[in-house]
Amino acid sequence: MRYRPFGLTGQAVSCLTLSLGARDIGGGPEAGRELIYSALEAGINSYRLETADPVLAEVLGQALTHVDRKLVQVSLTLGAGDGRRGSDRDFSAEGITSAIDKALHASGLGYFDLAILDEPGDHELPQSTLNALKALRATERVRLLGISGDGEVMDTYVSTGAFDVLATPFHVNIHWQVRSRLRAAREADMAIFVYGYFPDSLNTAKKAATVHMPKKGLFGFGGGPKPAEGPLAHAGTFAFLHRTNNWSAEAICLAYALTDPAVSSVMIEASDIERLNTLSQVPDRDMPPGLAAQIEMARVAGARAA
């Protein structure tokens, strides 16, 4: 595992963050703890709770009991409910404060390094909520504040200077608005976490081969001649992601996200220990020669087709 600076905090975080949700404790608390133990053995010291579910928080806290608290970085997602059925989005001051207090009590962690607001809309963050967040920081129940999402409103949140961390989707075919937002966040000295590095549009060879290809016209006709199969078939698409020896398409996409030095950590999901171990090996691998150039050429082709 490799480690990177976490913004201006002086902390070092693993370049992979294990994102934990209800699926990870679906087989019981012990299964969840075993997954976290495996992550620790792989060198991962950064963990994200996808909801404020006290049961999930308790499982993480128990797994980290014998680890120096200062050596691990734990994030809590706020506004997404507690993960239980019927739990609504809640960005009220009371809701956020209650979520943090319950998760802290269940986990026994003492504090959360980072609280991430989950894609709040234009009018979902009243002043009372911002005041509550400041109070939570003042009492050190939360050390840093982050904002997560990919909508245009994120530009406004980044420009306020009120947040320490930006969590954003980032992948090989991300649109230019997100890249512009990343630059703005860096200039504002925000730390950057990324997720969604392997989008559904690229997860099969068929889908990746049709990225940037002309669409069919009315009734399925038109759209240009069908490209001939051959060495240059699917040129300008991301089909090559599924044709690279000894590399899976997901591993390439994860490695690509890690090539940006401004990214502190990439959030991964691992439904089992085997998958976790496979993803944990990616940071120590160098991308094959020429692959980065292929990605850039496909991106440029996409920009022209847009």
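- Other residues, nucleotides and ligands contribute at most 12 non-hydrogen atoms within 6.0 Å of the NE2 atom of H105.
- For D272, there are no salt bridge (charged side-chain N to carboxylate O under 4.0 Å, His left out) partners two or more places apart in sequence or in a different chain.
- Formation of a donor-acceptor pair under 3.5 Å by the Y3 side chain with backbone atoms of G43 is found in this model.
- Within the 6.0 Å centre-distance limit, the rings of F6 and F193 are counted as a close aromatic pair.
- With a 6.0 Å radius and a threshold of 12 heavy atoms from other residues, nucleotides or ligands, K102 has its NZ atom at or below the threshold.
- Aromatic ring pairs are classed by plane angle as parallel below 30°, tilted from 30° to 60° and perpendicular above 60°; the pair F170 and Y256 is parallel.
- The backbone N or O of M190 sits nowhere less than 3.5 Å from a side-chain atom of D164 that would complete a donor-acceptor pair.
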Checklist entry - Between Y111 and R69, does a side chain to side chain contact (heavy atoms under 4.5 Å, CB included) hold up when you go through it step by step? => result CA-CA 9 Å; Y111 62 90; R69 179 65 182 87; 3.5 Å; yes
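- A distance-only check finds a donor-acceptor pair linking the side chain of S265 to the backbone of T17 [under 3.5 Å].
- A donor-acceptor contact shorter than 3.5 Å links the side chain of S107 to the backbone of A103.
- Judged by distance alone, the side chain of T244 and the main-chain N or O of W247 form no donor-acceptor pair under 3.5 Å.
- At least one donor-acceptor pair closer than 3.5 Å links the side chain of T77 to the backbone N or O of L49.
- Side chain of S98 to backbone of E94: no donor-acceptor contact under 3.5 angstrom is found.
- Between E269 and R48, no side-chain nitrogen of the basic residue sits less than 4.0 Å from a carboxylate oxygen of the acidic one, so the salt-bridge criterion is not met.
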Ignoring hydrogens and angles, write down the donor-acceptor pairs under 3.5 Å from the side chains of residues 280-289, residues two or more places apart or on other chains.
{"residue": "S280", "atom": "OG", "partner": "L276", "partner atom": "O", "Å": "2.7"}
{"residue": "D284", "atom": "OD2", "partner": "M1", "partner atom": "N", "Å": "3.3"}
{"residue": "R285", "atom": "NH2", "partner": "N246", "partner atom": "O", "Å": "2.8"}

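- For the residue pair D90/S92, the side-chain donor-acceptor check at 3.5 Å is satisfied.
- A salt bridge is absent between E152 and R181; no separation between the charged side-chain nitrogens and carboxylate oxygens falls under 4.0 Å.
- Using modelled atom types, one side-chain atom of S14 and one backbone atom of N45 make a donor-acceptor pair closer than 3.5 Å.
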